[in-house]
Amino acid sequence: MDLQRAMLDELMGADRNLTEEERKDYKEITWDSKEVCAYYMARFCPHDLFVNTKSDIGPCDRVHDPKLKESFEKSPRHDAYLAKFEAELAQRCEKLVMELDRRVRRGRERLAQGDEPMPPPPLSADKSERLSVVEEKIKNLLVQVEALGEVGKVDEAQALMKKVDELNAEKALIQCQNDKVLVVPQEKKMALCEICGSFLVANDVAERTQSHITGKQHIGYGMVRDYISEYKEAKEKAREEERLAREKEAEERRKLREKESESRRSGSGDRDRYHDRDRERERDRHRDRERSREWNGRGSRDDWRTKNGRDGGRDRHRDRSRSCSPVRHGRRRSSRSPVHPY
């Protein structure tokens, strides 16, 4: 039904059944609208996998539109939203698998206790023929609906779609009727399918085994399980890449710190060498000043000695001459004064 509805939406528009008043309030739906199925945008919708099977979970209440999906894949926001949609799909698939695994565990317990369920009875030849006729009618009507839609005959196409709905109901009724009970011989053992949880006859003929493997329920649960495995592997790979990126960044920071530390040590050594040279120069200048003072002081003493050696001798000679003079107390003895003998 979803496929048929999508075909009509593509040919005649999603608002084909609206009245003029309803069209005024009609809002165009885009891929990021709440009405659009996120599972379908990510990859597949689980509601489409088990239609008309024992695991049928009912129709999806959201929009499945190939054009919207194509628009989403071309959108520049695709990568940002895809991660969100994939996470929602993975969560829904994990819930389905959890429910299925509970059924599988119960099935194993029943097999272990010897309570083997009877496989579903096959359709009789008459019902198989009726079913084939109904399916052929549905196929022909869908071709006519498509042709009418292309030429714009909307009313005729909708009338044929009603007949298709009636035939689908008849088809479901034929499949559900059971007028023959299958008796399984006691020597046949039952087996449990680990993928979809269905009971099978162990060592059954290859044709029936192949029919089960290609069945809608087995393929559907296989897709669900494969998607969960792929999603977990992708998440694990992303975490590993993130971890390696963090380690690489930390290693680069460590090397940079070591380089800066080595550069600082090298700069400190250069400064020490410069300081040593400055101190050595200062010591040299100090020694030069000391030598200069020493030489200057020695020259002054020599000059003093030289001066005192010449003038001082004359002064001493003059002093001795004065001391030998008969003049005392500043008075000279008169040459006329008589000399009294002692």
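Values reported hereafter were calculated over all heavy atoms of this structure, with side chains retained and with hydrogens, waters and symmetry mates removed.
Put simply, the side chain of Arg62 does not reach to within 4.5 Å of the side chain of Glu35, judged on heavy atoms. In this structure the side chain of Phe50 never reaches within 4.5 angstrom of the side chain of Lys216, judged on heavy atoms. Taking the side chain as every heavy atom from C-beta outward, Glu170 and Leu167 approach each other to under 4.5 Å. Side-chain contact between Arg239 and Lys235 is present, with at least one heavy-atom pair separated by less than 4.5 Å. Proximity of Asp65 to Val36: side-chain heavy atoms (C-beta onward) are nowhere separated by under 4.5 Å. The shortest distance between side-chain heavy atoms of Lys163 and Ile138 does not fall below 4.5 Å. At least one side-chain heavy atom of Leu89 sits under 4.5 Å from a side-chain heavy atom of Pro46.
In terms of the ring pair (Phe, Tyr, Trp, His ring centres under 6.0 Å) criterion, residue partners of Phe72 (sequence neighbours excluded) are, by chain and number, Trp31, His78, Phe85. For Glu230, the salt bridge (Lys or Arg N to Asp or Glu O under 4.0 Å) partners two or more places apart in sequence, or in a different chain, are Arg43. With sequence neighbours left out, the salt bridge (Lys or Arg N to Asp or Glu O under 4.0 Å) criterion links Arg108 to Glu194. For Lys74, the salt bridge (Lys or Arg N to Asp or Glu O under 4.0 Å) criterion is met by Glu70, not counting sequence neighbours.
A salt bridge (charged side-chain N to carboxylate O under 4.0 Å, His left out) check over residues 244-253, counting only residues at least two apart or in different chains, returns the pairs Glu242-Arg246, Arg243-Glu247, Glu249-Arg253, Glu251-Arg254. Among pairs with a residue in residues 89-104, those fulfilling salt bridge (charged side-chain N to carboxylate O under 4.0 Å, His left out) read Asp101-Arg225, at least two apart in sequence or across chains.
With rounding to the nearest 0.5 Å, the separation of OH in Tyr227 from CG in Leu96 is 12.5 Å.
The two residues Cys193 and His212 have their closest heavy-atom pair at SG-NE2, 3.4 Å.
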